[in-house]
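In this chain, numbering begins with 1 at the start of the sequence shown.
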Amino acid sequence: MLCGEAGSGKTALLNAVEDDYDALLCVDVPELDDDLLQLARDVGGTRGALLIATEGEPRGLPSVTLDPLDAVTSIRVLHDLVPGLPSTLAADLVELACGNPLALVELAGSLSSAQLGGIAPAPEVLPENSSLRLRWRARFAALSPEAQHVVAMVAVDEEVDAETLDLAAVTEARPLFDSRRLVRSALQADVPLPLRRRAHAVLAETLPPGARRAWHQAVTTQDAGLADVLTTYAEHARRCGDFATAARDHDRAARLTTDPEQKAHHLLKAAADHWARGAPHRSRAVLRTATKMTCTPELRALMDLVVGGIDLGESLPDVAADRLIRAAKALVGTRRELAVAALGFAGEAASIAGDHRRYTAVAEFAKEIRRGDEPPATRLTLDHLTGMLATFDGRHDEALPALRTVVDLADQVPGPQARIWASQAAYVLGDATRSHEMATSAVTAARESGFTALVPWALVYRALSALLLDQHAAALTAATEGVHAATAIGQHNAVVDHLTILALLAALRGDADTALHRIDTATEQITQRGLTRPGTFGAWAFACVDLARDRPADALDRLRLQPGHAGIKVMAAPHVVEAAVACGRPSTADRALLPFEKWAGTTGSSARLALSHRCRGLLESGTADEHFEEAIRLHRASGTALELAKTELLYGNRLRRGRRPKAAREHLRDAVRIFQSYQADHWIERARAELRAAGDSTSEPRDHPGLTPQQAQIARLVAEGATNREVAARLFLSHRTVEHHLRNIFARLGVRSRVELTRRLD
């Protein structure tokens, strides 16, 4: 039997029982009656199964209490019910339904054509004739007056601690005492007005001084002047990083305000707080109300700034860039600090879109408005735009001083955003350690300050800097965390960013199946949203797969024909060189290498200089040995072991073909050892094949007890009880890939079952 809302989770168990019984009867009922209980007893011991979904007590029958649906599953349910449902509207409905499947069905059925077109907002409450709402209303009517009073206070104040009220009344009202937005929204509409007024009055008297008491006093006394008191409390909450409370108090201040412009101002602040806390859909809903008010041009520009910030994470980046540029131009005369912030976000949006023209326009406008006495915060953003534009243009000598200033200023500017800019600047400069420190600090600062919206963005640079440091386990952890953090707050563009980074990580390890699965997962969003930056990462990852599968011509076409993001195409140049050399096209390789050499030489990054020398070793004839040896030295100096192994594999291959098998074997054995430490199975086999071709007969595979970072993740999730399909969904792998890794995990750890694996990892 299933306990929970009637209709919830029935299909979740169908597959688990349908193969074991000749007949399956499913029943949805609010409560178990005696007849149904007797039927359940009669079914026992037969080849039939009775599955009951109910909210009532199980009355002795075997039961399972179902958890609410998660957000991803809820989205799937909605799209099954309403194909083509706009994503922002679907997210609003998911938030309102709180995982209740029946609520999803009823909310989907109530949508109008305007809402389906994405014009109107999602409903704030279930329809009047909703079966759930009718059921809650009937339950409320059946309660004692004391219990109804408890429910009324819960309806008017979501933070009421009912445990401090009359225990008997709380116990009676428990089925309706639910902190979820869905139940509260229905109760707020259905609890009679006199009961709501009484609840407000009691709370106005009994609550301690603060924003909540001020709100209930305002409702009770109809004192609009208390809007200023709520605004003061909201600003205090914002300074403390409590953006949820700040949004609540600004929204309440708006309700008390009659002046349209002031009301819009309060709503705008509430929307900004909702965005900062990682609730972009709530922010959009508030902004839709604000846009109906009479607003000054400045307020309209501030709305553009908030909407542009939301669009940066979840919509078309080129549209976001234009909106943010417009906001910056409107605000530069009155709210200069916000105008500069808008330009910073506009540059990021243009970068995601891979639109060099827009990025240039942003950076040129930043240059026009620059003053000689900029405070650290605005100077940091303006220098970041200047330095990144110069980098994209290949003017690295001009980029260096600006980007170094960004890194230096980050310690003087509070908050996570400055650290994100500094991490990106340090990454471009080739200072991977500093980039990783800044990104880690940004993640911590974003979480501690409540600025949840910036967490996925900071994790992008935490992953990339870890990859530059050759710390694949740390990069894998950061990017996986980034996918889940971005998914949780509806930042679809950031999800794609992290998926393509995960694809590149897998491709560099030679795990082609995993890389292709992740690229395939991201491709539709890349195309629909015009996400050129992650699209170029995906193409780079795909090219690495082609190289691993000995398809250099495909790799070369993929990297050369893709319009792509200018900066990432430079980063991918070593793989273009490798593919072009394998295809016998040295001139193509040389053209691709020149901008990479200029970048690496100007920044002085040992890791990138090593790759530059490796490429020259592939291209040159008389000086190849010197370039390969210098590449190996620089790899060791920078600690980039996996790239060292690939360099030694390429060098070993060249030495073997040059009839120097003894020297080749030395490098190839070192490559095998390093690849084994990364559990890079594909590259282990490639290096062993080269060793055998070089006359080494001792290169047969040997068992290795360690696990790769990805295998360790899979083992941990399996030990926690996750099924293969659940592991695949969580780590964005195919089901077949998880099965393959699990077989290898069992072999390497010497276990034969999931139970033994759990014991081994305890």
Side-chain angles (χ1 to χ4, degrees), residues 387 390-400 403-404 425-435 464-465 467-470 504 507-508 536-537 540 543-544 547 552 555-556 559-560 564-583 585-655 667 670-671 674:
T391 297
F392 295 151
D393 286 343
R395 296 179 281 110
H396 301 294
D397 288 337
E398 297 176 36
L400 254 61
L403 295 177
R404 285 172 179 157
Y427 180 84
V428 172
L429 291 170
D431 189 346
T433 299
R434 185 64 171 157
S435 178
L464 289 176
S465 58
L467 181 56
L468 185 58
L469 286 166
D470 214 38
L504 182 60
L508 291 173
T536 311
F537 266 119
W540 184 6
C544 291
L547 285 171
L556 186 60
L559 288 169
R560 289 180 62 247
H565 186 282
I568 296 169
K569 291 191 77 170
V570 173
M571 290 163 59
H575 290 103
V576 176
V577 172
E578 187 177 338
V581 169
C583 293
R585 298 171 65 176
S587 59
T588 299
D590 194 61
R591 285 195 300 273
L593 181 56
L594 287 175
F596 184 87
E597 282 183 321
K598 184 179 179 182
W599 181 36
T602 305
T603 61
S605 166
S606 297
R608 290 172 183 151
L609 286 169
L611 294 174
S612 179
H613 280 286
R614 180 171 84 190
C615 291
R616 280 296 162 200
L618 290 171
L619 280 168
E620 305 294 338
S621 54
T623 59
D625 287 351
E626 289 86 345
H627 283 296
F628 273 116
E629 293 295 344
E630 180 63 6
I632 290 169
R633 185 189 71 79
L634 289 167
H635 281 310
R636 288 175 175 156
S638 62
T640 50
L642 187 61
E643 291 301 333
L644 167 61
K646 290 183 180 178
T647 295
E648 296 205 273
L649 173 59
L650 291 168
Y651 190 25
N653 172 271
R654 187 180 186 102
L655 290 169
H667 290 288
D670 196 30
I674 296 172

Problem set entry | Distance-only donor-acceptor check, side chains Thr603 and Ser605, under 3.5 Å | no
For this session: Determine the minimum heavy-atom distance between Leu504 and Cys544, stating which atoms define it.
Result: CD1-SG, 4.3 Å
Exercise. For the atom pair OH (Tyr427) and CG (Leu468), what is the distance rounded to the nearest 0.5 Å?
Worked result: 5.5 Å
Exercise. When the ring planes of Tyr651 and His667 are compared, do they come out parallel, tilted or perpendicular, using 30° and 60° as the limits?
Worked result: tilted
Problem set entry | Approximate separation, where rounding is to 0.5 Å, of Arg608 CZ and Ser638 OG | 11.0 Å
For this session: Assess whether side-chain contact (heavy atoms from CB on, under 4.5 Å) is satisfied between Glu398 and Asp393, documenting all intermediate values.
Result: CA-CA 10 Å; Glu398 297 176 36; Asp393 286 343; over 6 Å; no
Exercise. With no hydrogens and no angle check, is any side-chain donor or acceptor of Asp431 less than 3.5 Å from a backbone partner on Ala426?
Worked result: no
Exercise. Between Phe392 and His565, does a ring-ring contact (aromatic ring centres under 6.0 Å, His included) hold up when you go through it step by step?
Worked result: CA-CA 9 Å; Phe392 295 151; His565 186 282; 5.3 Å; yes
Exercise. Which word best sums up how the rings of Phe596 and Trp599 line up, parallel for under 30°, tilted for 30 to 60°, or perpendicular for over 60°?
Worked result: perpendicular
For this session: Quick one: closest heavy-atom pair of Leu508 and Leu642, and the distance?
Result: O-CD2, 4.1 Å
Exercise. Does the side-chain contact (heavy atoms from CB on, under 4.5 Å) test come out yes or no for Lys646 and Leu611, once each step is laid out?
Worked result: CA-CA 10 Å; Lys646 290 183 180 178; Leu611 294 174; over 6 Å; no
Exercise. Do Glu630 and Arg616 sit within salt-bridge range, that is, some charged N less than 4.0 Å from a carboxylate O?
Worked result: no
Exercise. Can you name the nearest heavy-atom pair linking Leu619 to Pro586, along with the distance?
Worked result: CD2-O, 3.7 Å
Exercise. Side chain of Arg654, backbone of Gly617: donor and acceptor closer than 3.5 Å?
Worked result: yes
For this session: Name all pairs fulfilling the ring-ring contact (aromatic ring centres under 6.0 Å, His included) condition that reach into residues 602-622, sequence neighbours left out, sorted by first residue then second.
Result: His613-His627
For this session: Carefully, step by step, assess Ile674 and Glu648 under the rule side-chain contact (heavy atoms from CB on, under 4.5 Å).
Result: CA-CA 10 Å; Ile674 296 172; Glu648 296 205 273; 4.3 Å; yes
Exercise. Counting only N and O atoms by type, is there a donor-acceptor contact under 3.5 Å from the side chain of Thr602 to the main-chain atoms of Lys598?
Worked result: yes
